[in-house]
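Throughout, residue positions are numbered sequentially from 1 according to the sequence presented. Just so we're clear, the structure is a prediction, and the values are computed from it rather than from any experiment.
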Amino acid sequence: VHKIILDCDPGHDDAIALLLAAHHPAIELLAVTTVAGNQAVEKTARNALKVCSLAGIHHIPVARGMEKPLVRPSEYAADIHGVTGLDGPHIPEPDFTLAPQHAVDLIIDLLSHSEDPITLVATGPLTNIATVLIRAPHLKGKIKAISMMGGAIGLGNTTPAAEFNIWFDPKAACQVFDSGIPITLIPLEVTHQALATPDIIQRLRASRRHIANFSADLLLYFAESYKQVFGFAAPPVHDPCAVAAVISPDIIEGQMMRVEIETEGKWSAGRTICDVYHKLGRAPNARVGTSLYVARFWDMVIDTLLTYA
Ligand code: BDR
Ligand code: CA
């Protein structure tokens, strides 16, 4: 069983990642920490709390983290996730409260007190994790690995060059990629294969279970956003891929390579420079996903969502 902390910015696909992490038997979810990204951190924290309440996930602390990127100002993704960060289905008010600690303090505490190393799963910008590394570099050895959704080998989705999570806080991403911690990077090349096609949404609906139907509602909103903004016929459900890669690393084909983060470029800030052909002559620092076993992925996600009432 993998002990993980999910650091996220829910976010429709983050919410599905959370539900997958909280109920998959191969994972012990220690905490949900939230960061500014898709929306302001007040909102992403509240969304995480609401999703946990709705799904009966009451035994796990949910903490609010960094409210802006290390250096640049925040620019949220309301075009994709709406003004709340989780627009679409009505979600009741949460029935428990946020952890009193800041997310960064909570992560530091959990790392310091855990006997086993912990895997960090990041599905938002890397500001919380970079801040942990800056404040507590001695705890690096307690981080078994970082599995993150972010970046792209090729084109971006927020600028032509950059994917949202890395673009939002490139300096934080740079800290993380320079840390020496084993990294699995799940870029857009992988997540654009995890499409919530109508048959996937139908499988969730058919169960008539509450959380499966709630997930279908989230995916319908997400589908409409991706149609409007990108003209996609079905939305890529990015974030659960980073959880799936911890549960079953071989659900993703990947390659070890050097990844550098462009922090300054006029047109390319936030780009993940993936050295596919070893041009830089630098030691690899990440396993970069290149493709996904799509049917296995959806079976894993749907089977887990169906374990909720
Ligand atoms: C990433 O950006 C966010 O909009 C999604 O939640 C995902 O983490 C995709 O680029
Ligand atoms: Ca996200």
Closest heavy-atom contact between S215 and L19?
OG-CD1, 3.8 Å

Mind listing the closest non-hydrogen atom pair of L195 and A234 along with its distance?
CD2-O, 3.5 Å

Looking at E42, I want to see if its CD is surrounded by more than 12 non-hydrogen atoms of other residues, nucleotides or ligands under 6.0 Å.
yes

Between K140 and S179, is any pair of side-chain heavy atoms under 4.5 Å apart?
yes

Under 4.5 Å between side-chain heavy atoms, hopping through other hydrophobics if needed: is there a path connecting F297 to I16?
yes

How close do V35 and P125 get, heavy atom to heavy atom, and via which atoms?
CG1-O, 3.7 Å

Just verifying a value: how many Å separate C52 SG and L29 CG, rounded to the nearest 0.5 Å?
7.5 Å

Do K50 and D95 meet the salt-bridge criterion of a basic N to acidic O distance under 4.0 Å?
no

Any donor and acceptor pair, going by atom type alone, linking the side chain of T290 with main-chain N or O of E253 inside 3.5 Å?
yes

Check: I134 and Q175 side chains under 4.5 Å, non-hydrogen atoms:
yes

Can the ring centres of Y308 and H23 be said to be less than 6.0 Å apart?
yes

Once rounded to the nearest 0.5 Å, what's the spacing between atom CD1 of I273 and atom CD of E260?
8.5 Å

Contact between P235 and S225 at the side-chain level, heavy atoms closer than 4.5 Å - yes or no?
no

Any donor-acceptor pair under 3.5 Å from D87 side chain to Y221 backbone
no

A99 and A63 have their tightest heavy-atom pair at CB-CB, 4.2 Å

Donor-acceptor check, side chain of N38 to backbone of D9, threshold 3.5 angstrom: yes or no?
yes

Is it the case that over 12 heavy atoms from other parts of the model lie below 6.0 angstrom from the NZ atom of K142?
yes

When rounded to the nearest 0.5 angstrom, what distance separates CD1 in I143 from OG1 in T119?
9.5 Å

Taking transitive links into account, so neighbours of neighbours count too, which hydrophobic residues share a cluster with W167 at under 4.5 Å side-chain distance?
Y76, F164, F168

Tell me if a side-chain donor or acceptor on S147 pairs with a main-chain N or O of A245 at a distance below 3.5 Å.
no

Which atom pair, heavy atoms only, marks the closest approach of I201 to A216?
CG2-CB, 3.9 Å

Nearest atoms (heavy-atom pairs only) where L30 meets P61:
O-CD, 3.3 Å

Any chance you could lay out the side-chain hydrogen bond (donor to acceptor under 3.5 Å, both in side chains) test for D116 and S114, step after step, and finish with the verdict?
CA-CA 5 Å; D116 311 317; S114 174; 5.2 Å; no

Do L49 and I57 land in one hydrophobic cluster if side-chain heavy atoms of ILVMFWY residues count as linked below 4.5 Å?
yes

Are the side chain of T191 and the backbone of P236 linked by a donor-acceptor contact shorter than 3.5 Å?
no

Decide yes or no for L305 and L20: does some side-chain heavy atom of the first lie under 4.5 Å from some side-chain heavy atom of the second?
no

If you round to the nearest 0.5 Å, how far is CG of L155 from CZ of R271?
7.5 Å

Could you check if a side-chain atom of I183 sits within less than 4.5 angstrom of a side-chain atom of V176, using non-hydrogen atoms only?
yes

Quick check against the 3.5 Å criterion: does Q39 have a side-chain atom that pairs as donor or acceptor with the backbone of G11?
no

dist D239:CG -> D14:CG (nearest 0.5 Å) comes out at 4.0 Å

Non-hydrogen side-chain atoms of H2 and I247 separated by less than 4.5 Å:
no

Quick one: CD1 on I60 to CD1 on I5, what's the gap to the nearest 0.5 Å?
11.5 Å

Considering only heavy atoms from C-beta outward, does the side chain of I166 approach that of I261 to under 4.5 Å?
yes

Any carboxylate oxygen within less than 4.0 angstrom of a Lys/Arg side-chain nitrogen, looking at D199 and R205?
no

Between the side chain of E163 and the main-chain N/O of G151, is any donor-acceptor distance below 3.5 Å?
yes

Short side-chain to backbone donor-acceptor contact, N47 and P10, under 3.5 Å:
yes

Main-chain N/O of G150 paired to H238 side chain as donor or acceptor, under 3.5 Å:
no

Restricting to side-chain contact (heavy atoms from CB on, under 4.5 Å), what partner residues turn up for A212, sequence neighbours left out?
L204, S207, R209, L306

With heavy-atom distances below 4.5 Å as the criterion, would you say the side chains of D13 and H81 are in contact?
yes

Check side-chain contact (heavy atoms from CB on, under 4.5 Å) between K171 and all other residues, then give those that pass, not counting sequence neighbours.
L70, V71, D169, T263, E264

Could you go through the side-chain hydrogen bond (donor to acceptor under 3.5 Å, both in side chains) check for T33 and N128 one step at a time?
CA-CA 8 Å; T33 53; N128 284 342; 4.5 Å; no

Within the distance-only criterion (no hydrogens, no angle test), does the side chain of T84 pair as donor or acceptor with the backbone N or O of L86 below 3.5 angstrom?
yes

